[in-house]
Protein chains: 2
Amino acid sequence: MVGDRLPSETELAEQFAVSRSTVREALKRLAAQSLIRTRRGATGGAFVNHLSYDAAHAQQITTGVLLLSMNAIGFDVACEARFAMERACAPLACARRSEDHLQAMQAEIARQSDPALSDEAFCASDVAFHRALVDAAGNPVLSWQLSGAIEAMQPLMNMITFTARDRARIVALHSRIAATVRSMEAAACDAALRDLESYTVEVHAAVMARRALTARAT
Amino acid sequence: MVGDRLPSETELAEQFAVSRSTVREALKRLAAQSLIRTRRGATGGAFVNHLSYDAAHAQQITTGVLLLSMNAIGFDVACEARFAMERACAPLACARRSEDHLQAMQAEIARQSDPALSDEAFCASDVAFHRALVDAAGNPVLSWQLSGAIEAMQPLMNMITFTARDRARIVALHSRIAATVRSMEAAACDAALRDLESYTVEVHAAVMARRALTARAT
DNA sequence: CCTGTTTAATTGTCGGACAATTGATTGTCC
DNA sequence: GGACAATCAATTGTCCGACAATTAAACAGG
């Protein structure tokens, strides 16, 4: 059970008739999956860990980033998946959004409107905006899955961020999304997300085309 | 880079001025995340692992199962998240489904129609059916996310499977879903999934009510 | 009753040793 | 020269013993 203490390393070694080193290596594997946490000292030992949303979220992100980077996932495929999932929680968000979530989205939009904002901060704010949107759906499982997916795809998205993105247009789309969530218009929210998706794909295509051109020139 | 070999344990120990035991414990942590794989022998060592969809899928499931079991996720919440994501890929599945996917779905429906099928096998076939549905969307990222979520929620679903589920009704709903995917009617497919979701919630509520009754009786 | 000290239990690290595995090398025979 | 067997060397896997670091509990003193 969560919080239970495992036998000490010495006891485990005796119990399984292996050395303490081997037990330790095994425990490290469990610790790496954050299934246990260890504490030193008199009342120390290995304890069954409570898997928090944060820990699960972090694991989700690392797995996602690796999967995307190691399997030559196309931008279109990743983008499609991301927006498909985000649209999935749009109706829920429209139905259940609280004032907190609306304000969080509005705050990010305000931040993004500042021209002095650095590219990195704009990116982070973008993530925070979409995170607020999925959180508005009020389903922690959905939030966990989606925010992990969104953040995992952030490196891919960054490829295009620093070059060709029109901030004003992004902010306008974000505002449209926030407005539809506020007015609980699920269909309009869906449409706005579709527009944001097509714009993202469009920007990516433009960047790719320009790159191909400069590559040919050299 | 993927496939690259790390320095040998002895070399790493020298490089970081720690003992080989400590290096090994660290490597075990990486191995637990399947970031590396180790091979013994002359040309052995630790190699940067290629994260396959299967490995990522397995990790997704274990994380999901633990998260659900350790955070007292309500059945309704899990169910809502699952069907929200599944509905997200329904339009894509309708647009892109190949004959293979249609046949896979049909095969599972046929299997489920056999009254002699054990409850466990019916469950497995259920998972396979929905897996075929998300695969029909033709987006590997979506498949990875969704099939992981579906399988993670299977233990929760099993709670109700062995008691109150009306197989004929499930099979009828599956048939409806398969038919709408075949005829590429995204809206009808969405509606069929909604019906399946409400039936699932309904069955769960019935089971809970009955349990509360028997608990009061004792 | 409070405070500081000691003590015991436990994990963290180290170094050395040997077994198991496996590819590469070498040697032998045809 | 080629096929096959024996040997070798590098590497991971396991074990053991020792000690340091840490921590909470038990204890002693005022």
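Numbered from 1 within each chain, the chains take letters A, B, ... in sequence-line order. On a predicted model such as this, the values are computed, not experimentally measured, just so you know.
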Going by the side-chain hydrogen bond (donor to acceptor under 3.5 Å, both in side chains) test, name the single residue among B:D114, B:D126, B:D119 that passes it with B:R167. B:D119

Within residues 30-38 of chain A, which residues have any heavy atom lying less than 4.0 Å from an atom of DNA chain D? none

Taking atom C1' of D:dA10 as reference, at what distance in whole Å does atom CG of B:L6 sit? 16 Å

Watson-Crick or G-U wobble partner of C:dC29, both distances under 3.5 Å: D:dG2

Ignoring the backbone of A:R40, work out which of D:dT11, C:dA24, D:dA21 is nearest its side chain. D:dA21

Evaluate the ring planes of B:H130 and B:F83, with Trp represented by its six-membered ring, and classify them as parallel (under 30°), tilted (30 to 60°) or perpendicular (over 60°). perpendicular

Between C:dT10 atom C1' and A:R39 atom CZ, what is the distance in whole Å? 11 Å

Answer yes or no: does a side-chain N or O of A:T43 lie under 4.0 Å from OP1 or OP2 of D:dA24? no

Quickly work out the A:F16 CZ to D:dT14 P distance and round it to whole Å. 14 Å

B:E11 CD to D:dA10 P, in whole Å, measures 11 Å

Return the orientation label for the B:H174 and B:F129 ring planes: parallel under 30°, perpendicular over 60°, tilted otherwise. parallel

Residues A:E9, A:K28; criterion salt bridge (charged side-chain N to carboxylate O under 4.0 Å, His left out); working and verdict: CA-CA 12 Å; A:E9 297 176 352; A:K28 290 295 171 190; over 6 Å; no

Please determine whether any donor N or O and acceptor N or O are separated by less than 3.5 Å between the side chain of A:R20 and the base of C:dG12. yes

Minimum-distance nucleotide to B:T22 side chain [options: D:dT12, D:dC16, C:dT13]: C:dT13

How many Å lie between CD on B:E14 and P on D:dT11, as a whole number? 11 Å

Once you round it to whole Å, what is the distance between P of D:dT23 and CZ of A:R5? 15 Å

Working for side chain to side chain contact (heavy atoms under 4.5 Å, CB included), residues A:D4 and A:F47: CA-CA 6 Å; A:D4 280 4; A:F47 298 84; over 6 Å; no

Would you mind classifying the nucleic acid contact of A:S21 as base, sugar-phosphate or nothing, using non-hydrogen atoms under 4.0 angstrom? base

Please determine, by modelled atom types, if B:T63 and A:Q60 share a side-chain donor-acceptor pair under 3.5 angstrom. no

Whole Å only: how far is the CD atom of B:E9 from the C1' atom of C:dA17? 15 Å

dist A:R182:CZ -> A:C189:SG (nearest 0.5 Å) comes out at 13.0 Å

Most 5' of A:A46 and B:V18 on DNA chain C, judged by nearest nucleotide: A:A46

Counting any heavy atom closer than 4.0 Å, what does A:R24 reach on the DNA or RNA strands: base, sugar-phosphate only, or nothing? base

Could you say whether A:A42 or B:P7 is positioned toward the 5' end of DNA chain D, judged by the nucleotide with the nearest heavy atom to each? B:P7

Quick one: A:F47 CZ to D:dA24 C1', roughly how many Å, whole number? 12 Å

